[in-house]
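Below: the structure, in structure tokens.
Chain letters run A, B, ... following the sequence lines, proteins first and then strands; every chain starts at 1.
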2 protein chains.
Amino acid sequence: MFSKACEYGIRAAIFIALQSLQGRRVSLKSIAAEINSPEAFTAKILQQLVRSGLVESLRGPGGGFSIPGDRIAQIRLSEIVYAIDGDKLYEGCGLGLEQCDARYPCPLHDKFVEVRRDLRNMLEQTSLDELLTGLEVGLTYLRR
Amino acid sequence: MFSKACEYGIRAAIFIALQSLQGRRVSLKSIAAEINSPEAFTAKILQQLVRSGLVESLRGPGGGFSIPGDRIAQIRLSEIVYAIDGDKLYEGCGLGLEQCDARYPCPLHDKFVEVRRDLRNMLEQTSLDELLTGLEVGLTYLRR
DNA sequence: TTAATTTCGGATATTTTTGTCCGAAATTAA
DNA sequence: TTAATTTCGGACAAAAATATCCGAAATTAA
Ligand code: SF4
Ligand code: SF4
């Protein structure tokens, strides 16, 4: 459904948020270890999130990544997906018939648009903090 | 949403079905031209559909691809997708957290499963002939 | 039988996605 | 100031998806 990059991005964001809640900044190293992702590749993705303003970073000893407390409830999954995958998710038609005449939609059109809209809605309505509430038991659930 | 291979496969199947209804067998060449897809790549995909028993092929002059009339109403989009992309569509979790403990689902779980189930239902409930009925005006809509 | 047509199958090439390496820049602390 | 730590950025590498090439096999018709 999503690209690997997107999966890593979401998982990383969840972990960062979880630690930020407890006032901890987390290093790339610990993130990659926690979410079980390739370190250097994860770094690239984190940079995208930083540039998009979804995550804050600080260099040097004691540095790392964090998300300000008030942002955790604001940030939606859709923002993370968009920062990484762009609007790939929202454009075009499942059949690859992007230029088909919208005035004569195929029978699949309504159903297809509906499924995609549902996915979009889900991502837009789900904030980062919502994902944390189910993880109170531990971080096990972020690993494969 | 789908792979390119899958898109070409669906479009090709639609065109073959449309022509088969009128008793015409269609060549790889005409398929690729009609659905605007790379010829050799399309050939590979058609072979997958043939091996899966969704499409019939005949070699030699006058040969080509076809779908028996009675099969056109039977074949579901899900079968085409499955023949090409396998069960990629149905497995795992959108976050890539496949081994997370299902007893402690994150808040996204229900929503995510629902979206995927809707997509699956849509594909399973849509037969090839349904897609044809919207195309009576012409084949223009199969091109980009 | 011969030639033409068309799918089949394997090898190869290109592009995109995923992943790695390494040095530079920033920050902190000794 | 120096050394250590950590993110940043660009170049590079590997893997997967997409796409091409070409000859073999099957079929048809002359
Ligand atoms: S009408 Fe059918 S083919 Fe056209 S965009 Fe909608 S789903 Fe795709
Ligand atoms: S509970 Fe959450 S993380 Fe686990 S499979 Fe479901 S959606 Fe994915």
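Ile72(B) approaches Ala17(B) most closely through the heavy-atom pair CD1-O, 3.6 Å. Of all non-hydrogen atoms in Ala32(B) and Glu39(B), the two that sit nearest each other are CB-CA, 3.8 Å.
As a whole-Å value, the separation of Phe41(B) CZ from dC22(D) P is 19 Å. Atom pair Ile45(A):CD1 and dT7(D):P shows a separation of 15 Å (rounding to whole Å applied). Rounded to an integer number of Å, the gap from Ile31(B) CD1 to dC8(C) P is 10 Å. In this structure, CD of Glu39(A) is placed 13 Å from C1' of dC22(C), rounded to the nearest angstrom. Atom CG of Leu28(B) and atom P of dT20(D) are 12 Å apart (whole Å). The distance between atom CG of Leu46(B) and atom P of dT20(D), rounded to the nearest whole Å, is 15 Å. In this structure, Leu49(B) places its CG atom 11 Å from P of dC8(C), rounding to the nearest Å. In this structure, Gln48(B) places its CD atom 15 Å from C1' of dT7(C), rounding to the nearest Å.
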(request) List the steps, then state whether side-chain contact (heavy atoms from CB on, under 4.5 Å) holds for Met1(A) with Met1(B). (result) CA-CA 7 Å; Met1(A) 193 77 90; Met1(B) 191 78 87; 4.3 Å; yes
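Checking dT18(C), dT7(D), dC8(C) against every side-chain atom of Phe65(B), the shortest atom distance belongs to dC8(C). Listed candidates were dT6(D), dT6(C), dA19(D). Nearest to the side chain of Lys4(B) is dA19(D). Comparing atom distances between the Lys44(A) side chain and each of dT17(C), dA17(D), dC21(C) picks out dC21(C) as nearest. Between dT7(D), dC8(D), dT20(C), one nucleotide has an atom nearer to the side chain of Pro38(A) than all others, and that is dT20(C).
How far CG of Asn121(B) is from OG1 of Thr126(B): 10.0 Å, rounded to the nearest 0.5 Å. Atom CG of Asp87(A) and atom OG of Ser78(A) lie 12.5 Å apart (nearest 0.5 Å). Summarising the geometry, atom CD1 belonging to Ile80(B) is positioned 12.0 Å from atom CG belonging to Asp85(B); distances are rounded to the nearest 0.5 Å.
A close approach under 4.0 Å does not occur between any side-chain nitrogen or oxygen of Gln47(B) and OP1 or OP2 of dT7(C). The phosphate of dG9(C) (OP1 or OP2) has a side-chain N or O of Arg51(B) nearer than 4.0 angstrom. Close to dG19(C), at under 4.0 Å from its OP1 or OP2, lies a side-chain N or O of Tyr8(A). Contact check, Ser57(B) against dT6(C): no side-chain N or O comes under 4.0 Å of OP1 or OP2.
Clustering ILVMFWY residues whenever any of their side-chain heavy atoms sit less than 4.5 angstrom apart, transitively, puts Val115(A) in the very cluster that holds Tyr90(A).
If you check the side chains of Arg71(B) and Gln74(B), you find a donor sitting under 3.5 Å from an acceptor.
At a threshold of 4.5 Å between non-hydrogen side-chain atoms, the residues Glu34(A) and Val26(A) do not count as touching. Looking only at side-chain heavy atoms (C-beta outward), Leu54(A) and Leu128(A) stay at 4.5 Å or farther from each other.
In DNA chain D, the stems built from three or more successive Watson-Crick or G-U pairs (distances below 3.5 Å) are C:1-30 with D:1-30.
Among the atoms of the strands shown, none is found under 4.0 Å from any heavy atom of Lys29(A).
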Protein-nucleic acid N or O pairs under 3.5 Å, nucleotides 24-27 of chain D:
| unit_1 | atom_1 | unit_2 | atom_2 | d |
| --- | --- | --- | --- | --- |
| dA25(D) | N3 | Arg59(B) | NH1 | 3.1 |
| dA26(D) | O4' | Arg59(B) | NH1 | 3.2 |

